[in-house]
Amino acid sequence: MGLNRAEALFRAGTYYYQPALPGSRLGFEAAGTVEEVGPEVAGFAPGDAVSILSDQEMSRHGVYADRVNVPAGCLLPSRVDPVTGAALWTTYLTAYGALVEAGRINPGDSVVITAASSGVGLAAIQIANHLGAVPIAVTRTAAKSARLLQAGAAHVIAADEDDLAGRVAAVTGGQGARVVFDAVAGPGLSELAETVAADGLLIVYGWLDPRPAPLPMNWPITVHGYHVGLVTADPGRMKRARALIEAGLRAGTLKPVIDRTFDLADIVEAHRHLESNTQIGKIVVTVRH
């Protein structure tokens, strides 16, 4: 299973929907091998390697288990190892949909990426590079700067230590960022909005800071509230996303960064690590059979 911050929020009751108690499940994505298929299932057979992309309703179809029963529509054929397959789709589909389908980034565009050391943040850095854009990674402190540069960031800004708007202006020649991809929201959203170019787009996809996010006042600005369902619920977008991601995998330009793996028996410790904010990349939980 690939862990996502949404699962910690869901477990804590602070996600945008609540668990259906007392029998709620947990978890978005996983990878494994098909053991059985229903009588009306086409396209999959026992023995097939698959990735599970949840329908985003964790209460019904959560994947924290050694065996799961999921709708066939949540399966994708897998051509990668199980750890990569479990770490791939939620992060890369999220980043793809925001940067490509919503942001329409082009070669040379500057892209500001907050929470840059997360799985989605690193996927966004890779996709921006894959398309010839310029990824500007934002992290809270300078502790992760070297790792983010190694991961492909063109520039790294420590939000708690630097003048965010001033640094973005400096590295973009005063133009600002064509796309700002934000996972944090909260009171800092107004300052982040100051980094957006005149014709740019501020895409907000998370709320790691649960405090109110004041509406930016530097008009004109376009703010887009984004969810990965923009891609997963649309067959055309999903087809385009898979084509780009699979091309990146073949070329080696897209590859999930795995921070740590845990055994399913250690799921509590895995969540503690997820919530520590010390990781760089994806946390994956494995199952022994």
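The local environment of CG in Asn69 is sparse, with at most 12 non-hydrogen atoms from other residues, nucleotides or ligands closer than 6.0 Å. Heavy-atom neighbours of Arg240 CZ from other residues, nucleotides or ligands within 6.0 Å: above the threshold of 12. With a 6.0 Å radius and a threshold of 12 heavy atoms from other residues, nucleotides or ligands, Gln175 has its CD atom at or below the threshold.
Not counting sequence neighbours, the partners of Asp81 by the side chain to side chain donor-acceptor pair (under 3.5 Å) test are Thr84.
Using bins of under 30°, 30° to 60° and over 60° for the plane-to-plane angle, the ring pair Phe262/His273 lands in the tilted bin.
Residues Val134 and Ile203 fall into different hydrophobic clusters, defined by Ile, Leu, Val, Met, Phe, Trp and Tyr side chains chained together at heavy-atom separations under 4.5 Å. Clustering ILVMFWY residues whenever any of their side-chain heavy atoms sit less than 4.5 angstrom apart, transitively, puts Leu75 in the very cluster that holds Val287. Hydrophobic clustering, with ILVMFWY side chains joined whenever heavy atoms are under 4.5 angstrom apart, keeps Val284 apart from Val50.
Side-chain atoms of Ser24 never come within 3.5 Å of backbone atoms of Leu21 as a donor-acceptor pair (strictly under, hydrogens ignored). Checked by atom type and distance alone, the side chain of Arg237 pairs as donor or acceptor with a backbone atom of Leu230 at under 3.5 Å. In this structure a side-chain-to-backbone donor-acceptor pair under 3.5 Å is present from Asp182 to Val184. Within the 3.5 Å criterion, the main-chain N or O of Ala31 finds no donor-acceptor partner in the side chain of Ser51. Within the 3.5 Å criterion, the main-chain N or O of Ala158 finds a donor-acceptor partner in the side chain of Asp162. Looking at Arg178, its side chain does come within 3.5 Å of a backbone N or O of Gly103 through a donor-acceptor pair. Of the possible polar contacts, none joining the Asn129 side chain to the Gln126 backbone as a donor-acceptor pair under 3.5 Å is found. Between the Ser110 side chain and the Ala177 main chain, no donor and acceptor come within less than 3.5 Å of each other. Formation of a donor-acceptor pair under 3.5 Å by the Glu57 side chain with backbone atoms of Ser59 is found in this model. Checked by atom type and distance alone, the side chain of Arg167 pairs as donor or acceptor with a backbone atom of Val156 at under 3.5 Å.
Pairing each heavy atom of Ile127 with each of Ala95, the nearest pair is CD1-CB, 3.9 Å. What you find for Thr94 and Tyr226 is that their closest heavy atoms are O-OH, 3.1 Å. When all heavy atoms of Ala137 and Leu148 are compared, the pair lying nearest together is CB-CD1, 4.2 Å. The nearest pair of heavy atoms linking Thr195 to Ala165 is CG2-CA, 3.8 Å. Of all the heavy atoms in Ala72 and Phe44, the pair that sits closest is O-CE1, 4.0 Å.
Using a 4.0 Å cut-off between charged nitrogen and carboxylate oxygen, Lys282 and Asp259 do not count as a salt-bridge pair. Taking 4.0 Å as the cut-off between side-chain N and carboxylate O, Glu161 and Arg140 do not count as a salt-bridged pair.
With values rounded to the nearest 0.5 angstrom, Asp209 atom CG is found 10.0 Å from Leu189 atom CG. With rounding to the nearest 0.5 Å, the separation of CG in Leu76 from CD in Glu246 is 8.0 Å. Between Leu99 atom CG and Leu201 atom CG the span is 10.0 Å, to the nearest 0.5 Å. If you take CG on Leu122 and CD1 on Ile113, they are separated by 9.0 Å, rounding to the nearest 0.5 Å. Considering OH of Tyr15 and CE of Met58, their distance stands at 5.0 Å, rounded to 0.5 Å.
Between Ile267 and Val285 the shortest side-chain heavy-atom distance falls below 4.5 Å. At a threshold of 4.5 Å between non-hydrogen side-chain atoms, the residues Ile105 and Val111 count as touching. Between Leu202 and Thr222 there is no side-chain heavy-atom pair separated by less than 4.5 Å. Proximity of Leu164 to Leu192: side-chain heavy atoms (C-beta onward) are separated by under 4.5 Å at one or more points. You'll find the side chain of Tyr96 stays beyond 4.5 Å of the side chain of Met238, heavy atoms only.
Checked options Val68, Ile283, Leu264; the residue passing with Met1 is Leu264 (criterion: side-chain contact (heavy atoms from CB on, under 4.5 Å)). Under the side-chain contact (heavy atoms from CB on, under 4.5 Å) test applied with Leu88, the options Leu249, Leu53, Leu93 reduce to a single match, Leu249.
Looking only at atom types and distance, the side chain of Ser117 has a donor-acceptor partner in the side chain of Lys144 under 3.5 Å away. A donor-acceptor contact closer than 3.5 angstrom links the side chains of Glu7 and Asn4. Using modelled atom types and a 3.5 Å distance limit, the side chains of His271 and Arg11 yield a donor-acceptor pair.
In this structure, the ring of His130 has its center no less than 6.0 angstrom from the ring center of Tyr92.
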| query | Should Arg5 and Glu275 be marked as a salt bridge (charged side-chain N to carboxylate O under 4.0 Å, His left out) after you check the CA-CA gap, both sets of side-chain angles, and the distance that decides it? | reply | CA-CA 8 Å; Arg5 181 60 62 128; Glu275 294 175 305; over 6 Å; no

